[in-house]
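Numbered from 1 within each chain, the chains take letters A, B, ... in sequence-line order. If you're wondering where the values come from, they're calculated on a predicted model, not measured in any experiment.
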Number of protein chains: 2
Amino acid sequence: MEGTGLLGQDTEQNSENTPRVPVHQQVYAQLREAVLFGDLAPGQAVTIQGLIERTGAGMTPIREAIRRLTSEGALEFRGNRRVVVPLLTEDVIDDLIFLRESVESRLAMQAAEKITPSEIMTLEGIDAKLDEAILRGDVAAYLKQNYAFHAGLYAIAKAPILMDVANSLWLRFGPSMRMVCGRMGTQSLPDNHKSALDALHKKDAQAAGDALREDVVQGIEQIRAALLDGSGLSDVID
Amino acid sequence: MEGTGLLGQDTEQNSENTPRVPVHQQVYAQLREAVLFGDLAPGQAVTIQGLIERTGAGMTPIREAIRRLTSEGALEFRGNRRVVVPLLTEDVIDDLIFLRESVESRLAMQAAEKITPSEIMTLEGIDAKLDEAILRGDVAAYLKQNYAFHAGLYAIAKAPILMDVANSLWLRFGPSMRMVCGRMGTQSLPDNHKSALDALHKKDAQAAGDALREDVVQGIEQIRAALLDGSGLSDVID
DNA sequence: CTAATCAGAATTTGATCATATTTTTGATCA
DNA sequence: TGATCAAAAATATGATCAAATTCTGATTAG
């Protein structure tokens with residue numbers, strides 16, 4: 001609960017190279033990660049004032065970041081002036097399964113056609129860390145590495161709109177993913193990355209697409225099961 | 001070129017019902033329409049200062065609106081803090097075709113299962129106006145009614161995420177659609193809505209999905225053809 | 001006599017704007 | 001042609017106003 005200074009403050013004047021990142025982007029990135037990796041629970045309220053205190057930033061950049069995240073589905077306008085992390089419902093999950101199946105498999109197929117040996121090695125490195133995280137039962141690391149693997153594929157596929165959509169979908173189920181992990185541990189989570197890597201080695205687009213489709217469906221079905229099962233979500237802040 | 005007051009200003013105090021719409025939402029809606037219906041050409045620069053003059057609004061709400069549109073793919077961050085209406089490129093079009101095919105057909109199928117007779121009548125009304133617009137060669141009306149038809153289907157399908165994605169896709173090809181119409185007129189534009197309405201009457205989900213898929217593919221192929229053909233886009237502001 | 005509900009006050013939160021600071025661009029001069 | 005300065009544009013802050021929720025207290029019903 002560090003109260004202030006979550007932003008990387010460059011007190012020094014950055015004499016030479018100035019890769020200056022605007023505050024609103026910093027806030028955006030920070031909030032995005034918080035949603036993506038479940039630091040904000042579904043149902044949790046997000047207030048401008050609260051973020052001002054948490055980040056130490058001014059009002060305008062925070063406003064911009066919230067608008068962006070809202071557009072991307074990471075946050076939800078709940079009626080009057082309350083912004084919350086959305087809770088997944090039954091019908092929304094159907095949408096998610098359909099879209100992620102389509103989009104992820106397509107991205108994997110395109111990536112398979114374009115991938116280079118060094119890129120495969122990078123992905124294998126990520127997957128190794130992912131295995132490690134599963135063994136340790138480290139939920140946070142699992143979520144991060146799992147996302148890194150998929151995001152890596154997106155970058156290779158070079159399909160900008162598909163990538164945007166895929167990233168938006170991650171933001172939608174990220175918070176729930178965290179909840180599921182918290183309950184079930186990392187053991188039962190999907191990892192079809194081995195077969196995906198196999199297919200990428202062989203540049204077999206069809207197989208790569210199938211592997212990712214499998215991975216995605218398993219992941220979301222976990223969430224659905226958890227939602228149906230523990231309907232008495234005691235986690236939800238009210 | 002009315003310089004000021006593009007916003008609907010409620011000078012009166014709204015005594016009874018107060019559906020007060022925040023300025024940033026008004027600006028957002030206004031800009032969105034401008035992109036969607038081609039009032040802003042691809043390549044056209046969008047500046048904050050310019051919008052302040054155009055709309056008469058303050059800086060903060062405009063900022064928020066721009067961020068939102070940027071997230072949705074309607075606007076693009078072009079390096080040095082310059083925001084422009086994006087130009088469609090070859091690879092982006094492939095993404096668009098794939099996604100619109102998937103999403104629109106799926107939405108049509110879901111709509112077919114849930115649609116009511118009165119909703120069918122509403123859609124038929126829209127389609128009639130669309131036919132009229134095509135006959136008149138009224139490009140602006142064609143674009144508006146065509147979008148209204150699709151958006152109507154989205155609302156009926158009740159699939160929130162799919163709808164969001166579909167709307168985001170519209171924003172991406174809206175400006176180019178306008179360009180195509182400007183060159184080719186409305187005659188050659190697709191209208192598979194008749195067969196879609198047929199299918200909806202029969203509640204034949206498969207047929208409805210196929211009709212919409214057809215419609216979508218035809219529309220985007222037009223754009224691709226126009227892009228390849230008139231590669232010397234003299235319209236583009238640079 | 002206790003508990004519940006409703007009205008009004010107070011605090012909290014959001015929206016908008018005006019202003020200061022930084023950065024980029026372009027224009028002039030050497 | 002290149003460098004320095006000036007103007008314009010964008011980023012970021014804080015102040016101010018408006019709205020909403022919450023809290024408190026009183027009145028009434030059981």
Here DNA chain C, pairs taken as Watson-Crick or G-U under 3.5 Å and shown with ( ), [ ] when crossing and | when to another strand, reads ||||||||||||||||||||||||||||||
Length of the [atom1]-[atom2] vector between [X] and [N], whole Å:
X	N	atom1	atom2	result
A/I62	D/dG14	CD1	C1'	13 Å
B/Q49	C/dT24	CD	P	17 Å
B/E53	D/dA10	CD	P	11 Å
A/I52	C/dT13	CD1	C1'	10 Å
A/I48	C/dT13	CD1	P	11 Å

Checklist entry - What is the ring orientation for A/F173 with A/W170, classed by angle as parallel under 30°, tilted 30 to 60°, or perpendicular over 60°? => result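 A/F173 and A/W170: tilted rings.
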- Answer yes if the side chains of A/E119 and A/T122 hold a donor-acceptor pair under 3.5 Å, and no otherwise.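 A/E119 vs A/T122: no donor-acceptor pair found between side chains.
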Could you go over nucleotides 16-18 of chain C and give all protein N or O partners under 3.5 Å, atom names and distances?
from, atom 1, to, atom 2, distance (Å)
C/dT16, OP1, B/V23, N, 2.3
C/dC17, OP2, B/G58, N, 2.7
C/dC17, N4, B/T60, OG1, 2.7

Salt-bridge criterion met for B/D94 and A/R106 (N-O under 4.0 Å): no
* To do: Look at B/D138 together with B/K129 and state whether they make a salt bridge at an N to O cut-off of under 4.0 Å.
  =>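 So B/D138 does not pair with B/K129 through a salt bridge.
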So CG of B/L31 and CG of B/L36: to nearest 0.5 Å the spacing works out to 11.5 Å
(Q) Distance check, rounded to the nearest 0.5 Å: A/I66 atom CD1 versus A/I48 atom CD1? (A)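 If I round to the nearest 0.5 Å, the distance is 5.0 Å.
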Examine B/R178 relative to B/F37 and say whether NZ or CZ is less than 6.0 Å from the centre of the six-membered ring and inside a 45° cone about the ring axis.
no
The complete set of salt bridge (charged side-chain N to carboxylate O under 4.0 Å, His left out) pairs with one or both residues in residues 31-49 of chain A, sequence neighbours excluded, reads none
